[in-house]
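Okay, so here's the structure we're looking at.
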There are 2 protein chains.
Amino acid sequence: MTQPTENTSYKDIKQTVLARIRSGELQPDSLLPNEEKLAVEFSCTRTTVNRALRELADEGFLERRRKAGTRVLSAPQRQARFTIPMVRDEVEALGGTYRYALISAASQTAPEWLSARLALSPGQSVMHVRCMHFNGNTPFQYEDRWIVIDSVPQVKQADFSQTGPNEWLIQTVPFTNVELSFLASRADATVAGFLDVSQGEPIFTGERITWLQGQPVTFAKMYFAAGYRMTTQF
Amino acid sequence: MTQPTENTSYKDIKQTVLARIRSGELQPDSLLPNEEKLAVEFSCTRTTVNRALRELADEGFLERRRKAGTRVLSAPQRQARFTIPMVRDEVEALGGTYRYALISAASQTAPEWLSARLALSPGQSVMHVRCMHFNGNTPFQYEDRWIVIDSVPQVKQADFSQTGPNEWLIQTVPFTNVELSFLASRADATVAGFLDVSQGEPIFTGERITWLQGQPVTFAKMYFAAGYRMTTQF
DNA sequence: AAAAATTTAAAGTCTACACAAAATGGATGC
DNA sequence: GCATCCATTTTGTGTAGACTTTAAATTTTT
């Protein structure tokens with residue numbers, strides 16, 4: 001067995017510090033020694049310690065403030081990262097064949113609830129696009145989307161018959177700000193029809209609002225087929 | 001107006017590269033110049049470029065491979081980070097008063113579905129804990145949890161009458177591996193009763209499995225009160 | 001005692017350089 | 001043609017040191 005190389009990589013330091021937190025050697029809310037001291041302890045440079053602690057802070061275990069030092073968070077803010085794939089990728093990752101179908105696309109003045117939600121001025125026009133995403137012939141997701149025409153004038157020329165509005169938007173609008181929610185909703189007649197489930201069925205639903213520099217761009221509701229689960233590991 | 005300091009911080013480089021991707025100057029799937037060339041272009045060191053690109057890769061915009069170089073991801077893998085707070089924190093963040101109540105805690109041999117799910121050997125015993133989390137007097141979450149006794153023997157002495165099993169576990173078991181899922185389920189009689197909704201109501205549900213070095217530790221189902229949504233911004 | 005100015009400790013970032021590790025693409029051998 | 005080996009390119013990570021920025025703590029002033 002070869003002698004392991006010295007444990008002074010930033011990864012080793014991360015591991016060690018984490019272990020100390022978990023073993024209780026580093027109590028919640030307590031201060032860590034400063035970077036210089038740790039560098040001496042691990043016999044490496046401050047740069048290396050810095051990277052280790054910076055990443056641990058990023059991952060939600062530590063809180064760092066200049067001059068105040070580095071503190072163990074009392075409630076380790078574990079955070080799950082969900083990759084938000086495009087539907088096509090998600091279906092293909094399942095080994096299925098992605099198929100897209102446009103249901104309708106038409107411009108109209110924004111309904112009141114939407115104006116309120118996106119803080120639109122009354123009477124602004126929006127493009128309402130509804131479409132389906134299939135896994136083979138099985139419904140996968142029903143998408144109900146509204147696009148603010150003033151924010152994306154090109155949408156009037158867009159052709160949604162072949163590709164979904166999401167793919168189009170991602171290519172066209174370099175969005176800056178997204179709010180994403182997930183909830184459980186109840187299938188109404190429309191949704192039930194498109195997803196081929198009975199009315200009232202619980203539906204895993206996503207809502208997505210996108211802004212471009214403060215301007216609302218799009219509001220989308222995504223209704224997933226029965227049995228869908230969003231999963232992550234960490 | 002003072003002359004802005006030269007734009008060569010790693011943040012500026014990130015911004016610039018992102019802008020180039022969004023403007024189409026850097027096409028999806030195309031290769032970026034290598035770090036040395038970019039360092040020359042931005043007149044900074046390779047270290048700085050490295051950090052910028054590393055973070056962009058981390059955020060899902062680029063893919064980096066040694067010798068192969070850095071490539072623009074065709075489908076920018078935007079990923080949402082959801083902080084998984086402890087229920088207490090979540091309620092308190094809403095400005096509410098957290099209250100906990102134990103419903104039952106008893107050990108038994110693992111039911112078949114659980115053994116299958118966690119790959120337990122037949123007949124292993126588990127502790128079954130059910131409890132409620134309230135926001136004031138309003139039900140917030142109903143938790144149905146199973147803890148593998150062989151993996152956490154101390155659980156036999158644990159007292160869940162005052163604090164929930166989740167807080168206890170986090171303190172006790174330095175978990176290494178978590179699988180977290182979210183789905184929409186239908187309230188059965190039990191869930192409906194505890195959450196004070198009518199039976200059949202769609203319920204936003206979380207499932208969490210935790211392992212410690214390959215050993216299954218706990219399986220939990222968390223049923224959220226009606227109207228719950230999990231939200232993130234990025 | 002309160003407010004304002006100053007000091008100072010800690011993290012944040014950068015430079016410049018070196019060596020390590022991975023993996024590609026070509027060279028070599030069969 | 002196919003597999004194996006090897007050189008080379010590119011990212012990954014480390015060292016050593018400096019300067020910057022933030023904000024807590026102290027001192028001075030009001």
Side-chain angles (χ1 to χ4, degrees), chain A residues 2-18 20-21 26-74 76-77, chain B residues 1-18 20-21 26-74 77:
Chain A
T2 57
Q3 181 73 3
T5 63
E6 264 203 80
N7 285 355
T8 65
S9 89
Y10 79 96
K11 283 181 185 169
D12 298 321
I13 298 177
K14 279 178 74 174
Q15 288 256 348
T16 306
V17 172
L18 249 187
R20 285 182 190 172
I21 292 173
L26 284 172
Q27 285 293 318
D29 268 322
S30 67
L31 265 151
L32 272 70
N34 69 30
E35 295 185 345
E36 267 185 71
K37 285 179 192 157
L38 287 172
V40 172
E41 192 201 326
F42 291 106
S43 54
C44 64
T45 53
R46 191 168 78 83
T47 317
T48 303
V49 173
N50 180 278
R51 177 156 182 195
L53 298 189
R54 175 158 40 85
E55 292 196 0
L56 283 174
D58 221 53
E59 287 159 28
F61 295 101
L62 304 174
E63 188 206 24
R64 320 192 74 201
R65 268 176 22 249
R66 282 164 162 156
K67 164 80 185 182
T70 302
R71 198 172 281 285
V72 179
L73 279 181
S74 48
Q77 296 267 353
Chain B
M1 200 198 288
T2 56
Q3 182 74 4
T5 62
E6 264 201 81
N7 287 352
T8 66
S9 89
Y10 80 96
K11 282 182 186 169
D12 298 321
I13 298 177
K14 277 178 74 173
Q15 288 254 348
T16 306
V17 172
L18 249 187
R20 285 184 190 170
I21 292 173
L26 284 172
Q27 286 292 319
D29 269 323
S30 67
L31 245 100
L32 272 71
N34 69 31
E35 295 185 345
E36 266 184 72
K37 285 179 191 157
L38 287 172
V40 172
E41 191 202 326
F42 290 107
S43 53
C44 63
T45 54
R46 191 169 77 83
T47 315
T48 304
V49 173
N50 180 279
R51 176 157 184 195
L53 298 190
R54 175 158 41 83
E55 292 196 359
L56 283 174
D58 221 53
E59 287 161 27
F61 295 101
L62 303 175
E63 189 206 22
R64 321 192 73 202
R65 266 172 26 245
R66 282 165 160 153
K67 162 81 186 183
T70 302
R71 196 172 282 284
V72 179
L73 279 181
S74 48
Q77 296 266 354

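Each chain gets a letter, A, B and so on, in the order the sequences are listed, and its residues count up from 1.
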List the protein contact pattern of nucleotides 12-18 of chain D with one symbol per nucleotide (5' to 3'): B for base contact, S for sugar-phosphate-only contact, - for none; contact means a heavy-atom distance under 4.0 Å. BBSBBBB

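- Nucleotide C/dG12 holds its P atom 11 Å from the CG atom of A/Leu62, rounded to whole Å.
- Nearest to the side-chain atoms of B/Asn34 among the listed nucleotides D/dT11, C/dA11, D/dT8 stands D/dT11.
- Annotation: side-chain hydrogen bond (donor to acceptor under 3.5 Å, both in side chains) contacts of A/Arg54 (sequence neighbours excluded): A/Asn50.
- Counting to the nearest Å, the P atom of D/dT10 and the NZ atom of B/Lys37 are 6 Å from each other.
- Residues A/Glu36 and A/Arg46 are not paired through a salt bridge, judged by the lack of any N-O separation under 4.0 Å between the basic side chain and the carboxylate.
- We find that CG of A/Leu56 is positioned 17 Å from C1' of C/dG12, with the value rounded to whole Å.
- Separating the OG1 atom in B/Thr48 from the CG atom in B/Leu38 is a distance of 12.0 Å, to the nearest 0.5 Å.
- When the side-chain hydrogen bond (donor to acceptor under 3.5 Å, both in side chains) test is applied to B/Arg20, the partners found at least two apart in sequence or on another chain are B/Glu41.
- B/Val72 is not listed as a side-chain neighbour of B/Gln27, based on a closest heavy-atom distance of 4.5 Å or more.
- Not one side-chain nitrogen or oxygen of A/Thr70 sits closer than 4.0 Å to the OP1 or OP2 atom of C/dA10.
- With rounding to whole Å, B/Glu36 atom CD is found 16 Å from D/dT8 atom P.
- With contacts defined as side-chain heavy-atom distances shorter than 4.5 Å, the pair A/Pro33/A/Thr70 does not qualify.
- We find that CG of A/Leu38 is positioned 12 Å from C1' of C/dA10, with the value rounded to whole Å.
- Atom CD in A/Glu55 sits roughly 15 Å away from atom C1' in C/dG12 (whole-Å rounding).
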